[in-house]
Amino acid sequence: MSMIRFDNLCKRYESGYEALRGVSFEMDAGEMAFLTGHSGAGKSTLLKLLMLIERPTSGSLLINGKNINRLPHSKIPFYRRQVGVVFQNHQLLFDRSVFENVALPLQVAGYSQADTGRRVRAALDTVGLLDREKHNPIALSGGEQQRVGIARAVVHKPKILLADEPTGNLDPQLSAEIMALFKRFQDVGVTVLVASHDINLINRMDMRIMRLNQGQMEQDGVSYGGY
Amino acid sequence: MAATNSRARDGGQRGARGQALSRIDKWQSYRQHHQTTLKSSALKILREPLQSLLTILVIAIALTLPSALYLSVENIRQLSGGVDASAQISVFVKKGARESALESLTAKLEGLSGVASVTYISAQAARDEFEALSGFGSALQYLDENPLPDSFLVRPLLIGDATRLVTEIRELKLVDDVQLDLEWLQRLDALLDMGRKLVLALGVALGLGVILVVGNTIRLAIQSRRDEITVVKMVGGTDAYVRRPFLYSGLLFGLFGAVVAAIILTGLGFWLAGPVNTLALLYQSQFSITGLGFGGFVALLLIGGSVGLIGAWLAVGQHLRNIQPR
């Protein structure tokens, strides 16, 4: 069964702007794919639909076989606990340590303190920042901050990992490291969807690429044939 | 690198088994979150001492005013309570009433509703008392006849009933005259009644004020923690989870305000105790001020806490919905 399934999905904003026009695709559990396209092509909207920040106007969105179109508001938090999200601006909180930032999804879900400590350290170890747990994230470099953001996104072992321009502010070397990190999560069975317009980087990854153009799926395949 | 890889894989397998958390785990961590939230809310109040102190003082003053008025009314009521017992209606009987008629009048007086007691004072007893107390006793000896009539002393249960009793007694046969010298007490009673209503009105008005003050403080706190709320919602925090720290803040503001109000009221009591005791001494009264007491303190805490909680709840309900991840 596919983990993510978009069925002829449309999203029209209240302003009348049509961000997505009949998008259909599927992603299997443990699959990794890139989502690309010009800005305004609908990448962000597609991710927002997956995070239930926005609701589709028509069509259906199935996660793990379950239609989440009409998921009630009170159930949204529990849905989001199965999803990890990495933001371009990483959205870390600077009033607390790296450890506390990464621990947030676990605290919210009600993990015990001992369990939290163990899982946070495992996640920080995975992104190579175990020695920074007591630092304030503001003292870290851009690449390190993004890795803290990734640790926070995966600390609760989500089934799905979404990333919105995760390498937007990083140099090619750091970007490649971040992408390698995502690949590692795919290796352990996480479904990974990365929105990025960093074409050079994407091409080197040899992965499935979905290209949106004006709200429609223009291309979907392993080799990148555009441009 | 190999080590981290295997760790990630190990974690992934654990993840694949699902996020099964036992009920006990959840309950413990729920309780723990309540504790840590309470602690961090208290710390946040302490971390901004000036802003917090201002809020707490406003709440304290708003609680102090109606409480002080309430205590004043209660104290005056106690004072008048002592006079209540001496509130008497003197009923003078027409001259020459027969023994049997007097007996039936006694029964009628006792039968009136709101009467606490009826005491018969014969003309002779009245004369004896007058002689003993007035010092004009010798003057009475020049009179052939006792000028004093038979009389009854009627004690009402409540001062408020006195006027009605007077009219009712006046209509009874054989009653010559009825005297009630306690109009000032009735006025005091009416005043106290007004005072109590004033306490209620003032309490409600200032209570609403406290709700607004706490609401505004919480609103500012919500604005300043906007980023945190967004992230918490994004990683799956429920509305209740997001709400909790703000509700605790409101509760704590209310409780601290109530404690400060209690301190102010106690201080006020001590400050007034001196002059009141002097005054009481001058009137040869045993009266002394009754303070808030333990029950009053608990009531103040309950009122302050609930008003703070309501204010926070309203602010949270209004503003948290607007903060959503983008």
Side-chain angles (χ1 to χ4, degrees), chain A residues 29-30 44 48 51-54 73-85 87 90-96 101 104-113 115-116 118-119 121-128 130 149 152-159 181 184-190, chain B residues 1-37 40 43-44 47 221 224-245 320-321 323-326:
Chain A
S44 293
K48 279 179 186 170
M51 297 178 228
L52 283 183
I53 292 172
E54 296 291 347
H73 179 80
S74 59
K75 293 266 168 59
I76 290 179
F78 302 96
Y79 166 75
R80 283 181 183 156
R81 289 177 196 176
Q82 306 173 41
V83 182
V85 187
F87 303 91
H90 48 70
Q91 298 215 358
L92 297 177
L93 300 171
F94 294 139
D95 64 346
R96 59 196 75 192
N101 266 282
L104 210 53
L106 301 179
Q107 284 168 358
V108 156
Y111 283 76
S112 74
Q113 222 157 24
D115 222 9
T116 300
R118 201 165 45 75
R119 285 173 190 254
R121 292 201 178 90
L124 282 174
D125 194 12
T126 308
V127 299
L130 192 51
R152 186 183 64 192
V154 300
V155 70
H156 54 304
K157 315 285 183 209
K159 292 186 194 128
L181 205 48
R184 291 236 303 276
F185 294 116
Q186 184 217 348
D187 290 342
V188 294
V190 182
Chain B
M1 207 54 186
T4 55
N5 244 332
S6 77
R7 193 178 289 255
R9 185 160 295 129
D10 169 43
Q13 279 158 2
R14 233 184 290 128
R17 260 195 268 136
Q19 328 237 307
L21 282 169
S22 77
R23 262 168 208 281
I24 297 167
D25 270 358
K26 278 199 170 165
W27 168 240
Q28 274 173 352
S29 101
Y30 177 77
R31 264 180 38 204
Q32 200 184 335
H33 181 243
H34 269 278
Q35 277 170 18
T36 49
T37 311
S40 71
L43 284 176
K44 279 209 174 72
R47 209 173 294 150
S224 74
R225 292 173 72 183
R226 214 190 169 87
D227 291 344
E228 184 185 344
I229 293 167
T230 311
V231 172
V232 166
K233 282 195 173 178
M234 198 60 254
V235 298
T238 55
D239 287 350
Y241 183 95
V242 176
R243 220 183 281 137
R244 208 163 293 146
L320 276 193
R321 213 175 310 128
I323 302 177
Q324 291 291 348
R326 267 171 244 252

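Throughout, protein chains are lettered first and strands after them, A, B, ... in sequence-line order, and every chain is numbered starting at 1. Since we're looking at a predicted model, the values are computed, not measured. All heavy atoms count here, side chains included; hydrogens, waters and symmetry mates do not.
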Can you measure from OG1 (B:Thr238) to CZ (A:Arg80) and round to the nearest 0.5 angstrom?
11.5 Å
Could you grab the distance from atom NZ of B:Lys233 to atom CD1 of A:Ile76, nearest 0.5 Å is fine?
9.5 Å
Heavy-atom closest pair (B:Met234 atom, A:Val85 atom, distance to 0.1 Å) is CE-CG2, 4.2 Å
Sort [X] into side chain, backbone, both or neither according to what part of it lies under 4.5 angstrom from a heavy atom of chain B.
| X | result |
| --- | --- |
| A:Phe87 | side chain |
| A:Glu54 | neither |
| A:Asn101 | neither |

Which atoms of B:Thr230 approach chain A - backbone, side chain, both or neither, heavy atom under 4.5 Å
side chain
Decide yes or no on side chain to side chain contact (heavy atoms under 4.5 Å, CB included) for B:Thr36 and A:Gln107, but give the supporting numbers first.
CA-CA 11 Å; B:Thr36 49; A:Gln107 284 168 358; over 6 Å; no
Options B:Val235, B:Val232, B:Asp227, ranked by heavy-atom pairs under 4.5 Å with chain A, top entry
B:Val235
With heavy-atom distances below 4.5 Å as the criterion, would you say the side chains of A:His73 and B:Asp239 are in contact?
yes
